[in-house]
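Below is one structure; the comments refer to it alone.
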Protein chains: 2
Amino acid sequence: MALQTITQDALVESLFEIIRCHGYEGTTIALLSDITGLKKSSLYHRFPAGKDDMVKAVVQYVSAQLQQFIIAPLLEHQVPPEERFSTMLVTARGFYSAGNKNCLLNVLSLGEAKDDIKTLLQQDYTAWSAALSALAQESGLTPPEAAARAEHFLIAVQGALVVQRLTDNPLTFDNCMAYQQKQFFRQSDD
Amino acid sequence: MALQTITQDALVESLFEIIRCHGYEGTTIALLSDITGLKKSSLYHRFPAGKDDMVKAVVQYVSAQLQQFIIAPLLEHQVPPEERFSTMLVTARGFYSAGNKNCLLNVLSLGEAKDDIKTLLQQDYTAWSAALSALAQESGLTPPEAAARAEHFLIAVQGALVVQRLTDNPLTFDNCMAYQQKQFFRQSDD
DNA sequence: GACAATTTAACGAACGATCGGTATAATGTC
DNA sequence: GACATTATACCGATCGTTCGTTAAATTGTC
């Protein structure tokens with residue numbers, strides 16, 4: 001096999017950064033070619049089904065990352081719940097570059113991506129939410145209240161990313177996450 | 001003057017609905033033409049500077065709507081703060097169709113819209129946030145805490161819209177707003 | 001009020017550029 | 001030489017945009 005100039009993983013990682021920044025319609029094959037350094041034909045060699053194939057590979061890559069570095073650590077029963085939550089916050093902060101990079105869930109659910117791609121995004125959200133809900137239940141909350149906390153937190157994540165992008169205030173995400181950490185484990189009051 | 005087949009206001013309203021749904025790159029002149037009923041060349045007659053001109057008109061239209069129906073009522077000093085907040089929630093719910101329609105602030109800040117357009121969006125966010133902050137101060141909060149409440153609320157709005165679009169759960173927005181109303185006027189606890 | 005001159009709105013057709021995609025030839029490695 | 005990979009060239013379709021024209025309403029002049 002001839003030597004690959006770039007590994008598939010590194011390539012998908014590049015595609016991911018472009019798509020999360022430019023969205024589905026804003027991401028053109030020419031742009032992908034420019035940034036990855038691979039000519040169009042090489043991209044089509046790697047992804048025979050074209051643009052949708054590339055997007056789907058990126059979504060699957062992100063799903064795997066989410067599962068491995070966010071969801072799995074959330075379910076580590078030997079670690080205290082508060083510590084697992086803090087670990088997740090650190091990981092998520094890195095994933096979103098302290099709130100300066102967009103979430104693929106927002107970007108691709110807005111665009112005209114195909115339905116099977118949107119289904120994958122929905123599954124990612126559901127998985128993250130379920131892990132958070134399980135964590136909240138471990139800390140003593142009822143199932144419905146745990147589900148509400150999980151949803152509130154993920155709403156805060158998505159909202160903080162939007163607002164930070166809107167305002168250029170680099171502390172929006174961090175401030176919001178610090179507040180959410182307190183809220184997530186607060187005493188039940190409603 | 002030759003008779004207009006559609007008023008400028010109705011035209012901009014149509015453009016707004018298309019752009020908030022398809023985003024900047026996803027909105028093509030052909031699509032605008034199909035939905036408004038005006039041919040492409042007629043759209044250029046109304047908006048000589050082209051697509052950016054149309055987008056800017058939409059943003060200015062939304063800014064005016066925001067000012068008139070959201071911000072001004074928030075600052076009506078003769079009405080109790082809680083009532084003004086409730087009124088805003090009703091208006092915002094209609095504006096976002098109970099969470100089923102996107103916010104232009106999110107959609108256009110993601111796309112490759114020109115910088116002057118993004119500046120307008122930023123001003124809209126700032127104006128809304130400032131009005132909320134003033135309201136929170138009226139209800140007895142310190143300026144920094146009032147600003148934090150305003151930001152938290154707008155983060156919740158943006159986040160709820162993203163999550164509802166992601167999950168197809170039609171109650172996400174309403175549930176989130178009901179929770180935020182309680183949070184906005186709660187006793188200071190941090 | 002009659003009627004030419006002007007302005008406005010809308011249109012069909014076409015522009016160059018770029019879109020996503022596809023051949024086919026050249027390259028490099030074993 | 002076999003074969004995976006990359007490069008060159010090209011395709012039809014669509015992108016945003018511009019042009020030239022027509023029809024209708026307004027304005028100016030008598």
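So that the names make sense, note that chain A is the first sequence line, chain B the second, and so on, each numbered from 1. As a basis for the values below, the full set of heavy atoms in this structure was taken, side chains included, without hydrogen atoms, waters or symmetry mates.
Between B/Trp128 and B/Phe153, the angle of the ring planes goes over 60°, which puts this pair in the perpendicular group of the 30/60° scheme. Classified by interplanar angle (parallel below 30°, tilted 30° to 60°, perpendicular above 60°), the ring pair A/Tyr96/A/Phe173 is perpendicular.
Distance CG (B/Leu43) to C1' (C/dG12): 14 Å, rounded to an integer number of Å. Going from atom CD1 of B/Ile6 over to atom C1' of C/dT8 covers 17 Å, rounded to whole Å. The distance from atom NZ of A/Lys51 to atom C1' of C/dT18 is 12 Å, rounded to the nearest whole Å. One interatomic measurement links the two molecules: CD1 of A/Ile29 to P of D/dA9, which rounds to 20 Å at whole-angstrom precision. The separation between B/Phe47 atom CZ and C/dA9 atom C1' is 13 Å, rounded to whole Å. The CD atom of A/Gln8 sits 13 Å away from the C1' atom of D/dT5 (whole-angstrom rounding). If you measure from atom CG of A/Asp53 to atom P of C/dG21, you get 10 Å, rounded to the nearest angstrom. In this entry the distance linking NZ of B/Lys40 with P of C/dC15 reads 14 Å, nearest Å.
Distances shown here put every side-chain N or O of A/Ser41 at or beyond 4.0 Å from the OP1 or OP2 atom of D/dA7. Within the 4.0 Å cut-off from OP1 or OP2 of C/dA9, at least one side-chain nitrogen or oxygen of B/His45 is found. Residue B/Arg46 places no side-chain N or O under 4.0 Å from the OP1 or OP2 atom of C/dT8.
At the heavy-atom level, B/Thr27 lies under 4.0 Å from the strands shown only through sugar-phosphate atoms.
Side-chain atoms of B/Tyr44 lie closest to D/dG16 of the nucleotides D/dG16, D/dT6, C/dA10. The listed nucleotides are D/dG16, C/dG12, D/dT8; the one nearest the side chain of B/Lys39 is C/dG12. When the nucleotides D/dG16, C/dG20, D/dT8 are ranked by their closest atom to the side chain of A/Thr28, C/dG20 comes out on top. Side chain of B/Ser42, nearest nucleotide from C/dA14, C/dC11, D/dT8: C/dC11.
Under 3.5 Å, the side chains of A/Tyr24 and A/Asp52 contain a donor-acceptor pair of N or O atoms.
Residues B/Val157 and B/Met177 have side chains in contact (heavy-atom distance under 4.5 Å, counting atoms from C-beta outward).
Side-chain atoms of B/Arg20 come within 3.5 Å of backbone N or O of B/Asn102 as a donor-acceptor pair.
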